[in-house]
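Since the structure is predicted, the reported quantities are computational estimates derived from the model, not experimental observations. Every chain is numbered from 1, with letters handed out A, B, ... down the list of sequences.
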Amino acid sequence: MAYDHRSIEHTWQQRWEDEGLYRSRVDWNRPKHYALTMLPYPSGDLHMGHWYAMTPSDARARFMRMRGHNVLFPIGFDAFGLPAENAAVQRGVHPAEWTWKNIDRMRTQLRSMGAMFDWEREAVSCDPSYYRWTEWLFKQMVEHGVAYRGEAMVNWSPTLQTVLANEQVIDGKDERTGQPVVQKMMEQWFFAITRYADELLDFDSIDWPDPIRLMQTNWIGRSEGARVDFSIAEGPAAGEPLTVFTTRPDTLWGATFMVVAPEHPLLAEITTDDRRDEVTAYVQAASRRTELERIADDRDKTGVFTGGYAVNPVNQEQIPIWVADYVLISYGTGAIMAVPAHDQRDFEFARRFGLTVAPVIHPEGGDPLDEPAMTESYVGPGVMINSGPIDGVTVNDLKGRENPSVAAAIDWLVEHGAGEESINYRIRDWLISRQRYWGSPIPMIHRADGTVESVPDDQLPVVLPEDVPFDGTSPLARTPSFTETVDSDGNRARRETDTLDTFMCSSWYWFRYLSPAYDGGAFDPEEAAYWLPVDTYTGGAEHAVMHLLYARFFVKAMRDMGLFDAAATGMTAHGRDSDGLFDEPFLLLRNQGQILGEDRTGDRVVVSGEEVGTRVLADRVVVDAGAADDAGVVVGELLRRTENILQVSTAAGRVTVEVPETAVVEIPSIPGPNDVNQLRHHLEIQRMSKSKGNVVNPDDLVVEYGADTVRTYLMFAFEWQKGGPWNSQGIMGSRRFIEDVWKIGTIEYQPEAVSGDASAQLRRRIHQTTARVESGLEAFKFNTSVAALMALRNDLTEAARTGAVDPQVWSEGVDTLLKLLAPIAPHVTEELWRRRGNDSSIHLVAWPVSDPEIAAEETITMVLQVNGKVRDRVDVPADITEADAEAEALASARIQEWTEGKIVRKIISRPPKLVNVVVS
RNA sequence: GCCCGGGUGGCGGAAUGGCAGACGCGGCGGAUUCAAAAUCCGCUGUCCGAAAGGGCGUGUGGGUUCGAAUCCCACCCCGGGCACCA
C-alpha cells in the first residue's frame, strides 16, 4: 500500500477539526502551557519564512501536550498596516477588502500545515471587536497619564506622509521603505515608555537570548552622570541656567567651551547681535539637512560661535558658547559642556576652531599630557589634576559612581548646589500617532475650546468609515462625516483623525487570544488567570527592539493600571501564586533564523555574433550547446542579465553581450520558442524575493511532497536559530524518511532467528532515541531530534530485514517511532497509529518515557591513547573499574608497540570511555 | 568606530574538555531494469601506502591541559545591531 500524503493529510486535517482535537479549555487540574508564535501580517501568501517559524513551534507545542501539559497554541493576524493602504492607492481595492481576502487565503494555507492552532481563539486586529479594545487600552493609558499629547521633534516621512517612531528610523531612513526621514515639530500622541526604562533593563525573570537583551539594553541606553547648571553670562538671558548632562562631571574643571544644539530654546537669547546673522544661517542650514545628509557628510564637525558666554559653576570661569549640530536636541538637555582634552568629539571641534584644550587628568603610568602636542583626547584612567577640590582623586575606566573621580565630582556638585546626580536615557517616548487610514482610530475628540476629551466607553469602538479618499495624505482628516462630531457638552467638535501605530495592536494580542469574543473587557480574567503568562514565544529576531520592547512596556503599564487585578485574584483562588507573573509578557523567547534563496549557477551559454566595440552583438544564443561549443564567439556562465544585456563569465574573463530582438535564443530545456528573458543568470545566496526569482513556494512543496515532509525538512535541514539557504535536493531525504516510516508502520513483521542480543540492542536504541528526541525538542535543536528519529528508522529497517528481534520489541519500536515523530509529522503518524488498531488520536497519548537503565549500553568501546593519540580500541563492560581499564590498556598489543622502550609517566584512566598512557 | 553572534568534509549540519564529521544531501561503485526513474547494497575529510597502517585535519598564530572544535590571548574573515548619545 503506497503512501499517499494528499488523502492522508486532507482526511486528518478535516477529522481533527470536526472532532475539536485542538480546542484548548481551562483545566485547573492540569499544568498549562501557553505557546505563542508571532502573529503574521496578512500580506497575501504564506511564505517559507512562516512555515519555518511556525512548524517547529507547533511541534514543540505538541510535544508539551504529549508530556501532559494543557497547551494553548493560538493564531491570528496583525491586520492593520500600510501595505493594505498602498493596495488601495495603487489598485483601487479597499484596504478592508484586500486584508480580509488575504486573511481568508492565509487561513487555508495555515491549515495545510497541520498545526494544532485553536482556531476558536483566532484574533484579527482590524476587526472592530478587536480594535474596540485597542482603543479602550489607549484610553486607559490616557486616563493613567501613560499616554499624553505633546509637541516634539518627530520623524516625518515625506514619502509616507506620516510620522514614525524612533525605532522605525534606521540611518535616517524609514526602516520599511528606505526613504529619507526629516525632522519636524508636531503635536502628537506619545506613550511614556521612558518611565519604565529602568524596569525594562531588568531581564532577570525571563529567559531571553542574550543578543536580544543586549540590543534592548543598548536601545534604552542608560547613562549615569550629573546635570550641571552653567549660568549665562550676559545678554537678555543673563543669569539664567544653561543646563548640561554629562557622564564625566569629574572633567568639569577642563571644560573650555559649551555647545548647544541648533534647536536649543535659549540659542536666540544667547546669541549676540554681531553674531546673529551667522548663527541664524547655520541653524537654517542645519534644519534643512536631513539626518541622512548629516551622516553621509564627512564627519568634519561644523558649528559657529554665538558670541555668548557662560560661567562654569566649579571655578567661575567664563567660557564661550557655540552652536553645532553634533549636539543633538533629542538627547540629554540639548547642550553640552565641552572638555576637549578628554572627549574625542570635543577635541576635534576644538582643534578645528582653535579653542582651548585643558587637560585635567594625569594619565596612569605616563607623562603629563602635553597640550599643544596632543593629537587625540585622553580617555583612559589616571589622576585628577588642575581640578581644585578633586585634585589627586583616582580616575578609572568604570562608569558612574564606580569611578572615584566621578563620585567625588557629583558629591562636590551636590554639596555646593551646582548640580545633581542624574541618569539619562537614549530611549525616547513612543510616538504612536500615524497620519494613516488603515489603523485603529484614536478615540479622542478635540473640543472647540482646544481641550481634548475621550470618547465614552459605551461608544467604542470608533469605527473606521468605509468611504474615504485614498489619494494622498491622511484619508480620515478629509472625511467630514468622520471628523465632525459633538463633545460631551453637545458642542460641535472634531474627531482625532490620526490612527494608532500598528505596533500597538501587536502589543497586547496574546491577551485577546484568550477570549477573542469576550465583550466585558480586553480579555476574560478567568482565562487569563489560568493561561498567563506566555510560557514560550517564538519568532524573528528582527523584532528585537520594536515589538518585543513595546510588548514588555505594555504589560508593565497594564499591570500598574490594575488591569490584571481580577486575573491575579483568580489565580490566588486556584492556589496559584500570582506574584511576579504580570511583570513580563513572555517567560521564554527564542528566535528562528531566516531561510534564504538557493545558490544557483547561471545558464551555460554559447553565443555567436560579432564584436562591436567593447561588447558582442549576438545573432544566436544557445544554452547548454554541448559539443557545439566551438561555434560560439563567447562561451561561459551567465552571471547577470539586465534586460537584453548579458554579462558572461568566460575563460578569458567577463564579456558583455547584447542580444537584439532579431537574435535567436535556444533553450532546449524550455519547449517552444525561447526569448532572452528566459535565460537564468547566476544567483548568490540571498533573501528570497519575487524580483530575484528565487522564491520557493511552500504550497507547491506541500502538493508535491506533503506537509509532513515539508515540516520534517524544515526542522531537520537547518540549525533552527540560524537558518540558511534552501536546498531543493535536500528535501528528498526527508521525503524518503517519511516513506520509510510508512513502510515500517505498514509491513507485517516476520520474526526469523530471533536473538536476545538484537532485541535488547533495539530496545536500548528505542530508549536512547526517546531521550535524544526529547532533549532536542526542549532545547529548540530540532535538527538533532529528527536525526535521532532517522537513526531509529535505520535500526528498524535493519530489524525488519533480519527479523532478529522479538515481535514485541519490534512493536514497541514502531509505536515509539510514531509517538516521537507525531509532533513533527502529525498526519502520517496519526494514520499509521490508527491503522495499528488504536481508537483515539496519537496526539492524545502520553510521551514515551526513556528508562536510563534500558538505554544504558552494557559494553562500550573504550579508546586507548598514547600521549593523547588514539592507538587502539577495545570493547569493555560499561562498569569496568579504573584498575581493569588500565590493565586492558597495558595488555593491548598496539599500545605496547607505542610504549615500547619508553618510560610510562602516568596513566589517565576514565573508564569506560578512555585510557591515556603518557610516556616520554 | 563601538557592541554582539559565528567560522567544522563538495553542501546542510552532529559532537556534558575524552573515538571529529552523527543524521541527511550530493558524489562514486554495484544490484535490479530492455532502458531510465524509483528502490536496494557498499564506499565517500585529506595525503602517503598494494595492504596493514601512518601523517595531517574544526579560519590563522600562540597558550592552558595527560588530552582542545570545545577553555584563555592575539589576529583574519563572514553575519547582525548601534552609530557624533555628551
Side-chain angles (χ1 to χ4, degrees), chain A residues 170-172 209-219 221-223 225 244-249 251 258-259 261 294-295 297 299-301 324-328 330-339 342-346 348-349 424-427 541-542 544-545 593-594 598-599 712-713 716-719 721-734 736-737 739-740 743 772 776 781 783-794 797 801 860-873 894 897 905-910 913-920:
Chain A
I170 310 284
D171 278 349
D210 282 344
I212 304 284
R213 294 156 60 134
L214 259 152
M215 275 189 245
Q216 293 203 353
T217 301
N218 291 340
W219 186 263
R222 179 189 156 105
S223 306
V244 302
F245 171 78
T246 176
T247 54
R248 296 300 303 270
T251 62
M258 297 186 78
V259 185
R294 270 167 66 160
I295 291 159
D297 274 358
R299 289 259 179 124
D300 280 349
K301 307 244 177 318
D325 66 4
Y326 82 92
V327 173
L328 311 174
S330 56
Y331 186 79
T333 62
I336 61 157
M337 64 164 191
V339 184
H342 306 295
D343 180 286
Q344 187 57 25
R345 295 155 304 184
D346 298 344
E348 285 165 21
F349 193 80
N424 198 61
Y425 300 91
R426 198 189 88 110
I427 192 173
E542 67 272 19
V545 285
Q594 202 174 39
E598 192 166 11
D599 189 50
T712 304
Y713 181 59
F716 174 66
F718 309 87
E719 200 184 325
Q721 315 206 24
K722 188 174 151 204
W726 182 257
N727 177 336
S728 52
Q729 287 175 319
I731 194 168
M732 271 315 296
S734 298
R736 281 182 211 128
F737 168 60
E739 283 175 3
D740 289 346
K743 279 177 211 153
R772 286 183 63 196
K781 299 176 101 178
N783 52 346
T784 63
S785 294
V786 179
L789 287 166
M790 286 177 168
L792 182 60
R793 173 266 315 258
N794 293 343
T797 304
R801 197 169 51 172
I860 286 177
T861 303
M862 187 167 73
V863 174
L864 304 180
Q865 301 179 324
V866 176
N867 286 351
K869 285 202 179 272
V870 180
R871 297 304 180 188
D872 200 5
R873 299 179 175 88
R894 308 251 314 111
E897 268 174 52
R905 295 286 173 200
K906 73 173 134 169
I907 299 175
I908 313 283
S909 187
R910 294 277 178 277
K913 278 183 164 174
L914 104 169
V915 175
N916 184 11
V917 182
V918 183
V919 298
S920 62

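- Mapped onto RNA chain B by nearest heavy atom, A:K743 and A:S330 fall at different nucleotides, with A:K743 at the one closer to the 5' end.
- The shortest distance between side-chain heavy atoms of A:D343 and A:I336 does not fall below 4.5 Å.
- Residue A:V918 has its side chain nearest to B:C66 when only B:C66, B:C25, B:G24 are considered.
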Applying side chain to side chain donor-acceptor pair (under 3.5 Å) to A:S920 and A:R905, what does each step give before you reach the verdict? CA-CA 7 Å; A:S920 62; A:R905 295 286 173 200; 2.6 Å; yes

From CA spacing to verdict: side chain to side chain contact (heavy atoms under 4.5 Å, CB included), A:F737, A:Y713: CA-CA 10 Å; A:F737 168 60; A:Y713 181 59; over 6 Å; no

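- Across all strands shown, B:U70 forms no Watson-Crick or G-U wobble pair with both key distances under 3.5 Å.
- When each of A:A791 and A:E739 is assigned the nucleotide of RNA chain B bearing its nearest heavy atom, the one mapping closer to the 5' terminus is A:A791.
- Checking B:G81, B:G55, B:C4 against every side-chain atom of A:M215, the shortest atom distance belongs to B:G81.
- Proximity note for A:T247 (side chain, C-beta onward) versus B:A86, B:G5, B:C3: the nearest is B:A86.
- Using a distance-only test at 3.5 Å, with no hydrogens or angles considered, no donor-acceptor pair links the side chain of A:R873 to the main chain of A:T861.
- Which of B:G26, B:C82, B:C23 sits closest to the side chain of A:A787 comes down to B:C23.
- Comparing B:G18, B:C19, B:G24 by their nearest atom to the side chain of A:M790 picks out B:G24.
- Note on A:K869: a side-chain N or O is less than 4.0 Å away from OP1 or OP2 of B:C56.
- A distance of about 23 Å separates the P atoms of B:A20 and B:G13, rounded to the whole Å.
- Look at CD on A:E719: it is 9 Å from P on B:A15, rounded to the nearest Å.
- Comparing atom distances between the A:L328 side chain and each of B:C25, B:A86, B:G24 picks out B:A86 as nearest.
- The listed nucleotides are B:G13, B:G26, B:C40; the one nearest the side chain of A:D740 is B:C40.
- Look at the P atom in both B:G79 and B:G61: the space between them is 23 Å, to the nearest Å.
- Base engagement by A:Q865 is indicated by at least one non-hydrogen atom pair under 4.0 Å involving a base atom.
- A heavy-atom distance below 4.5 Å is found between the side chains of A:F716 and A:M790.
- Distance check on atom P: B:C40 versus B:A52 gives 29 Å, rounded to whole Å.
- Listed pair A:N794 / B:G24 meets the phosphate criterion, a side-chain N or O lying under 4.0 Å from OP1 or OP2.
- A distance of about 44 Å separates the P atoms of B:G54 and B:A35, rounded to the whole Å.
- Between A:N783 and B:A14 there is a side-chain N or O to OP1 or OP2 distance below 4.0 Å.
- A sub-4.0 Å separation between OP1 or OP2 of B:C41 and a side-chain N or O of A:R801 is present.
- Closest to the A:R873 side chain, of the nucleotides B:C4, B:C19, B:C66, is B:C19.
- Across all strands shown, B:A35 has no partner, as no Watson-Crick or G-U wobble contact with both distances under 3.5 Å is found.
- Taking the P atoms as reference points, B:G67 lies 29 Å from B:C76, given to the whole Å.
- Look at B:G49: its glycosidic torsion is beyond 90° from 0, and that puts it in the anti range.
- For the pair A:R213 and B:G81, the criterion of a side-chain N or O lying under 4.0 Å from OP1 or OP2 is not met.
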For the pair A:F718 and A:N727, evaluate side chain to side chain contact (heavy atoms under 4.5 Å, CB included) and give the outcome as yes or no after the intermediate values. CA-CA 10 Å; A:F718 309 87; A:N727 177 336; over 6 Å; no

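- Rounded to an integer number of Å, the gap from NZ of A:K722 to C1' of B:U8 is 10 Å.
- For the P atoms, the distance linking B:A37 with B:C28 amounts to 12 Å, nearest Å.
- Base pairing analysis places B:G53 opposite B:C48; the two distances defining the Watson-Crick or G-U wobble pair are each below 3.5 Å.
- OP1 or OP2 of B:C25 lies within a sub-4.0 Å distance of a side-chain N or O belonging to A:R736.
- Rounded to a whole angstrom, the distance from the P atom of B:A51 to that of B:G57 is 23 Å.
- Pair check for B:A14 finds none; no Watson-Crick or G-U wobble contact set falls under 3.5 Å.
- For A:N916, counting side-chain heavy atoms from C-beta on, the closest listed nucleotide (B:A86, B:C3, B:G67) is B:G67.
- At B:A86, one or more side-chain N or O atoms of A:S223 fall inside 4.0 Å of OP1 or OP2 (strictly under the cut-off).
- A:K913 contributes a side-chain N or O that forms a donor-acceptor pair with the base of B:U16 under 3.5 Å.
- Judged by Watson-Crick or G-U wobble contacts below 3.5 Å, the nucleotide B:G79 has B:C4 as its partner.
- Of the candidates B:G18, B:A15, B:A86, the closest approach to any side-chain atom of A:T784 belongs to B:A15.
- Side-chain atoms of A:N916 come within 3.5 Å of backbone N or O of A:G868 as a donor-acceptor pair.
- The nucleotide B:U58 finds no pairing partner, because no Watson-Crick or G-U wobble arrangement with both distances shorter than 3.5 Å includes it.
- Checking the phosphate oxygens (OP1, OP2) of B:G24, a side-chain nitrogen or oxygen of A:R793 falls inside 4.0 Å.
- Nucleotide B:G29 forms a Watson-Crick or G-U wobble pair with B:C41, both donor-acceptor distances falling under 3.5 Å.
- Between A:T797 and A:K743 the shortest side-chain heavy-atom distance does not fall below 4.5 Å.
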